[in-house]
Asker: 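One structure, as structure tokens, below. Some questions next.
Within every chain, numbering begins at 1; the chains are lettered A, B, ... in the order of the sequence lines, protein sequences first and strands thereafter.
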2 protein chains.
Amino acid sequence: MPHLLPLADEPAPERADAARNREAILAAALRLVRTQGVGCVTMDTVAAEAGVGKGTLFRRFENREGLMAAVLNESETAWQASVISGPPPLGPGAPPLERLLAFGHSRLRTNLTHAELIAAAGHPGARSAAALSFANMHVRYLLGELGVHGDLLMLATALLAPLEMVVLDQQVNAEHITLERIEAGWDDLVRRVVRA
Amino acid sequence: MPHLLPLADEPAPERADAARNREAILAAALRLVRTQGVGCVTMDTVAAEAGVGKGTLFRRFENREGLMAAVLNESETAWQASVISGPPPLGPGAPPLERLLAFGHSRLRTNLTHAELIAAAGHPGARSAAALSFANMHVRYLLGELGVHGDLLMLATALLAPLEMVVLDQQVNAEHITLERIEAGWDDLVRRVVRA
DNA sequence: AATATAAGCGGACCGTGGTCCGTTTAGCCG
DNA sequence: CGGCTAAACGGACCACGGTCCGCTTATATT
């Protein structure tokens, strides 16, 4: 019997070898994505590169999408940090409207930069609500600062939606709309929503 | 040498057996989707059900997504018809704002209804720009009627974006937001954009 | 009707994502 | 330190999407 009773249901601490493997896999995946491009990274390849069996890989990361989501998360985290505590106008210090506009532009570029990875991470449900929910929370906060009234959750979602890759991809790759026009369009949308 | 010179580059008329097979495949796919659900419909199954070889199937419909897009298209077409020439407020006859609101609600329900199929048809780039571009054009038209000024293409895209399945799925399945709230949120968005 | 030919056909084959299960090992306890 | 158990491992195995290529057949032409 264990000395310390498990409080609530802790997700069971990861065994040392498990942790080591998780890191090895993530590192391998990151390396391969960088060198070969997302498309060429197969699960077998990653397993080989990480020096583990395929089974291990699938136990740590539920499936390919999960692995890609984890890889994507590396950069996502850095981006979130720069939103929370980076230099203005993206970070704190600038007036709310400027911050909101900067946020949109930054998100736009970031998404476009990681387009392949985002596609491979698939369905946002899989890539944890985390990313999406962070963005939503931040926009909601800025809308609040701007004195906007109404259902802020919905409003934030509406502002974020046109920045989703599904939409962006269509605009950029099928309709050949320039980045500038998309940015301008988004700015316009924001101004209409906040009635500035 | 042919009697009639090909004007421009006609896409070469489909051979009779080819046409027959295309229909057989589509019918089989439709039947299977209805009875088994989208997830259980494999390409082999469809081929078998249609009584054709796998190769044939892949020649007619580039890939699984293409086939699903074709199946989806059946209902999509009917929906488009009801938008263009159905009864008001969705169809013509009602004032533009009412039509726009009705359009959003209808689109919302339709997307939710075909959620699985839309996911299986994947990437909107594949499911031809057609569907998306029809919706965009219609919204643009209604915005024009409403006397909205600005980059209507972008505005229409912004209004359509929150109705995309990626967004809806997140809201309904992860955040458990009610349909009514989503509708209300969209109505609010529309009113802000058109400044009604 | 006979012939030519390009379009179409089908199913063997392949790569990749994902599962399963017999074997190994980390962590704990006496 | 030796033994025990649950967790983790790894690679054989499977299913499904997608390709390839030798054979068949619709259609046009005479």
Asker: Taking A:V83's backbone N and O only, do any of them form a donor-acceptor pair with A:R99's side chain (distance below 3.5 Å, no angle check)?
Answerer: yes
Asker: Does A:T110 offer a backbone N or O that forms a donor-acceptor pair with the side chain of A:H114 under 3.5 Å?
Answerer: yes
Asker: What is the distance from CE of B:M43 to P of C:dG11, rounded to the nearest Å?
Answerer: 16 Å
Asker: Send over the distance from B:R15 CZ to C:dC9 C1', rounded to a whole Å.
Answerer: 9 Å
Asker: In whole Å, I'd like the distance from the CZ atom of A:F58 to the C1' atom of D:dG11.
Answerer: 13 Å
Asker: Please tell me which of B:A19 and B:D44 maps to the more 5' nucleotide of DNA chain C, matching each residue to the nucleotide holding its nearest heavy atom.
Answerer: B:A19
Asker: Given D:dG10, D:dG17, D:dA8, which nucleotide is nearest the side-chain atoms of B:R64?
Answerer: D:dG17
Asker: Using distance only, find each side-chain donor-acceptor pair of residues 154-161 of chain B under 3.5 Å and give its atom names and separation, not counting sequence neighbours.
Answerer:
unit_1 : atom_1 : unit_2 : atom_2 : d
B:T157 : OG1    : B:N136 : ND2    : 3.1
B:T157 : OG1    : B:L153 : O      : 2.8

Asker: I need the CG-C1' distance between A:D17 and D:dA6, as an integer number of Å.
Answerer: 12 Å
Asker: Remember a base hit wins even if backbone is also touched, and classify A:R22 as base, sugar-phosphate or nothing at under 4.0 Å, heavy atoms.
Answerer: nothing
Asker: For B:V41 and A:G53, find the nucleotide of DNA chain D closest to each by heavy atoms; which residue's nucleotide sits nearer the 5' end?
Answerer: A:G53
Asker: Could you state the atom-to-atom distance from CE of B:M68 to C1' of D:dG17 in whole Å?
Answerer: 12 Å
Asker: Looking at A:V38 and A:R64, what are the two nearest heavy atoms and their distance?
Answerer: O-NH2, 3.8 Å
Asker: I need the CZ-P distance between A:F61 and D:dA8, as an integer number of Å.
Answerer: 14 Å
Asker: What's the closest nucleotide to the B:A18 side chain, out of D:dC9, C:dC9, C:dG18?
Answerer: C:dC9
Asker: Would you find a donor on one side and an acceptor on the other, under 3.5 Å apart, between the side chain of B:S82 and the backbone of B:W79?
Answerer: yes
Asker: Taking only the side-chain heavy atoms of A:N21 (C-beta and beyond), determine which of D:dT19, C:dG27, D:dC9 contains the nearest atom.
Answerer: D:dC9
Asker: Heavy atoms only, 4.0 Å cut-off, all strands: where does B:T56 land among base, sugar-phosphate and nothing?
Answerer: base
Asker: What is the distance from NZ of B:K54 to C1' of D:dT19, rounded to the nearest Å?
Answerer: 9 Å
Asker: Between atom CZ in B:R60 and atom P in D:dG17, what is the gap in whole Å?
Answerer: 19 Å
